[in-house]
Asks: 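Can you read through this structure? Questions will come right after.
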Amino acid sequence: MPFTPRSDQQIYRLDYLAPTFTIPLLELHFTLDPEVSRVRSQFKVIIEEGIELPHSIKLHGSKALFDLQLKIDGERVEVAPLLDEAGNLTLTLGEREQLIEIENSISPAANSALSGLYLSRGIICSDCEPQGFRNITLFPDRPDVMTQYRVTLEANRCYPILLSNGNLVEEGSIDEERHYAIWEDPFPKPTYLFAIVAGDLQFIEDQHIRPDGRPVQLRIYASKENIGACDFALASLKKAMRWDEKRFGLACDLDFYNVVAVDDFNSGAMENKGLNLFNTSCILATKAQATDQNFRFVEAVIAHEYFHNWTGNRITCQDWFNLSLKESLTVFREQEFMSEVAPGIRRIEDVNFLRLHQFPEDQGPLSHAVRPDKLGSIENIYTTTTYEKGAEIIRLYQTILGREGFDRGFARYIKEFDGMAVTVDDLYASMKMENPRLFENFPLWYSQRGTPKIQVATEYYPDKREMRLSLKQFLFDPVTNELQEPLPIPIKYAFFNREGEMLLEETYTLTMAHQCLIFHNIDEVPVISLLRDFSAPVTVDYPQSIDDLKILIQYESDYFAKWEAVQKLVTRVLFNRVLPREEQIEIIGDALAPLFEYAYQAPEFAALLLTLPDNDQLFDRLENEEILPLYQLKREVEVGLAKRFSTQWKALYTHYQEDSVAARAIKNVALRYLSHLPDEAELAVIQYAQADNMTDINAALIALLTNQNPQAETIMQNFYQRYQEDALLVDRYFALLGGTPHLTMDDVAMISAHPAFDLKNPNRARAIVGSIGRNRIALARIGAPLYRWIATEIVKVDKINAVTAARLITPFAKLARLPEPLQDEVRAIGQEMLDSQEISHNLSDQLKRILL
Ligand code: PHE
Ligand code: ZN
């Protein structure tokens, strides 16, 4: 295949070339030390039959490797001439089978990027996805090269625990000071799933019994400060294992399953084979320190990483363009698992998250296809598009094919591709083989970027008793503005009469740009509920009357559709500029009124129904960010609702004092409203003082901060004093401060000078810079100075950790929507960052797309 090197620093999916060799076994030996660790590696390269010799292969390396030595078939070879600028090595092999021996050093303590081998609070650990292995040693660092690993770890006894993937086959003493452990992973795997950990760790353990009776030993390792907060994660792991056996017939393939918690981690967690690594933020959970939301999150992430064992590890991705293959399937499986924990709730939260994060991403300069054709930087496709839109696409398969058809397709995929590195086309092929009626154009979901828009119009013909529904779909490329191909879009809908009875319930899959559905024997104009269960990741333009929405709010049984009716109604009313304030409050109040009784039947769901649309959701609809007036308006409406229903809110608040997730959810919605009333200013103060759990403490703090309670500052200080030893709670402290709508540049200066300010720990950097970056109200109010502060901090983070910095850039991605002159100012700030020349490839890739 002709290969033309390109000059634009982009990589192209179609440049993919399959490996020309195999490496059945890799033997790695680590002499671990935080300052300088020595790595010895040994492997045989077998060049495929049919490939002409001599043949060149590429071993990926990086600047992080030093003191390199190389032997081929026992002969010393000089390394330097074979290395390129990035540190990759090209080997030209004359024999079909040759033995490569490599030695190199690395410095975990110097690795602030946290990719490869690094140090986290005294624990030596690794993180290799997607391309961190090249920071450990020279090897083909690509997901389609699968190798069996045998790993020897040697370290001082002050690192008593030595872990790697697979099974511990030997351990022992070297001398008085040093010891070793040997691990073998029976499953061939790509480099990105490799992991090691060495440290002074403690563990908790349990057992899971597989359907065939064989046990899996489960352990969670953490520092002695953290080990007490891991029980919930361990219980969740067992639950996830059981669920995957039941739903998909997939059992754990390992006898030992280890999980390790570390404080410094770029992402949430990592699915390394048999040795998951977790950010403490995704694993620690005690009632005193974690909110109910955190608990759900821990359960979900534990399940997610475990589910990767089949969707990701046993079957992996051919290349990183196909990252969504493993992530989308795994997120979908995680969502299905969690929907059993809290039926209905998780779906709403997922849709809300998707619309809050993925939709803006997909409609702005960082938009990319779920499987892109070109990329500036691989690390930059770890996005909500790859994960959450990807998961919606998997859900589309299920919605179109039905649960049974989907499960058959999935089972076939697992069977056919087990042990292989494949693509989203392979998944489609399995689904199609089992379900021949699956639409041929389904894969367009993977290749076209942007959010499809559905335009709906209805007509009723009383004489013919006929209802017509006209549906048009549009998908514009968000960057080029070109109209793209129509997609298969399943629309779940139901008709209700005005008494709230459901008349019909169906799913229809649109496939063309314009389609018209005709319904016969319809006696009166029905109330139509469209896109029930959010059956496709699209926006729907269907103006419905307030009366119709009220019927749906009251009678819909579909969780999402009922919630969506509230969202729509409130949004409609808030954006109605001719209605006087009092009337806006009255209409919304009338619509919510019936839900107060419902709150006693379904408190957790009612908590969602009674919460007005997220600020950001509303801001995204504004033409040019008139954020502050809208924020003010929403607040006044909330105050109005607090007054009108003050009896009901108080009743709910007192009634729901019990210790349960649902009770806390509805109680804290009541707190939110009541705290808007000057007479109730003490409520949050008292709740803060008396609470025995972080959910209630957190809700109290938010109420105090958003209402500028005179005691807010003292209480925040008290919070910090109380929890300053607990890193995750210090993160929470910063996130609360950074997220408050009243944030000023003085506050920002206070945060910058705070003794716990730190950009080296990714959680802390995100808690500080991320929360301020997401604070649209403060950004709108303060303008350029705050953007400048954020830019400066991102550049500082970039010097430490480029992956983390690039993910903090999102506030700049909304640039085009800013009003002038702010837009120009912010553009100039972005341009300055880009021009500073010292920024990383990851960050400049993001900035270039934003500033284009
Ligand atoms: N693969 C991880 C997950 O989603 C995320 C991750 C990405 C971890 C990159 C480490 C590095 O489960
Ligand atoms: Zn994942």
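The chain is numbered in sequence order, starting from 1. First listed ligand is number 1; within each ligand, the first listed atom is number 1.
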Asks: When only distance counts, is Y382 in polar contact with ligand 1, meaning an N/O pair under 3.5 Å?
Replies: no
Asks: Based purely on interatomic distance, does D127 place a nitrogen or oxygen under 3.5 Å from a nitrogen or oxygen of ligand 1?
Replies: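 D127 vs ligand 1: no N/O contact under 3.5 Å.
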Asks: Would E327 count as a contact for the Zn ion (ligand 2), in the sense that one of its N, O or S atoms lies under 2.8 Å from it?
Replies: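 So E327 does bind the Zn ion (ligand 2) by this criterion.
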Asks: Ion pair present between R403 and D407, side-chain N to carboxylate O less than 4.0 angstrom?
Replies: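 Salt bridge between R403 and D407, a charged N being under 4.0 Å from a carboxylate O: yes.
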Asks: Between E299, E334, E340, which is the residue that forms a salt bridge (charged side-chain N to carboxylate O under 4.0 Å, His left out) with R346?
Replies: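 Going through E299, E334, E340 one by one, the salt bridge (charged side-chain N to carboxylate O under 4.0 Å, His left out) with R346 is satisfied by E334 alone.
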Asks: Before accepting this row, confirm whether a basic side-chain N of the pair K389/D362 lies closer than 4.0 Å to the acidic partner's carboxylate O.
Replies: yes
Asks: Under 6.0 Å between ring centres, would you say that holds for F194 and F133?
Replies: yes
Asks: Looking only at protein heavy atoms, which one is nearest to atom 6 (C) of ligand 1, and what is the separation?
Replies: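 Heavy-atom neighbour on the protein nearest atom 6 (C) of ligand 1: S267 OG, 3.4 Å.
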Asks: Quick check: of its N, O or S atoms, which one does H308 have closest to the Zn ion (ligand 2)?
Replies: NE2
Asks: For ligand 1, is there an N or O atom under 3.5 Å from any N or O atom of E129?
Replies: yes
Asks: Evaluate side-chain hydrogen bond (donor to acceptor under 3.5 Å, both in side chains) for T291 paired with Q293, printing each intermediate quantity in order.
Replies: CA-CA 5 Å; T291 62; Q293 252 188 335; 4.7 Å; no
Asks: Touching ligand 1 at all, K326? Heavy atoms, strictly under 4.0 Å?
Replies: yes
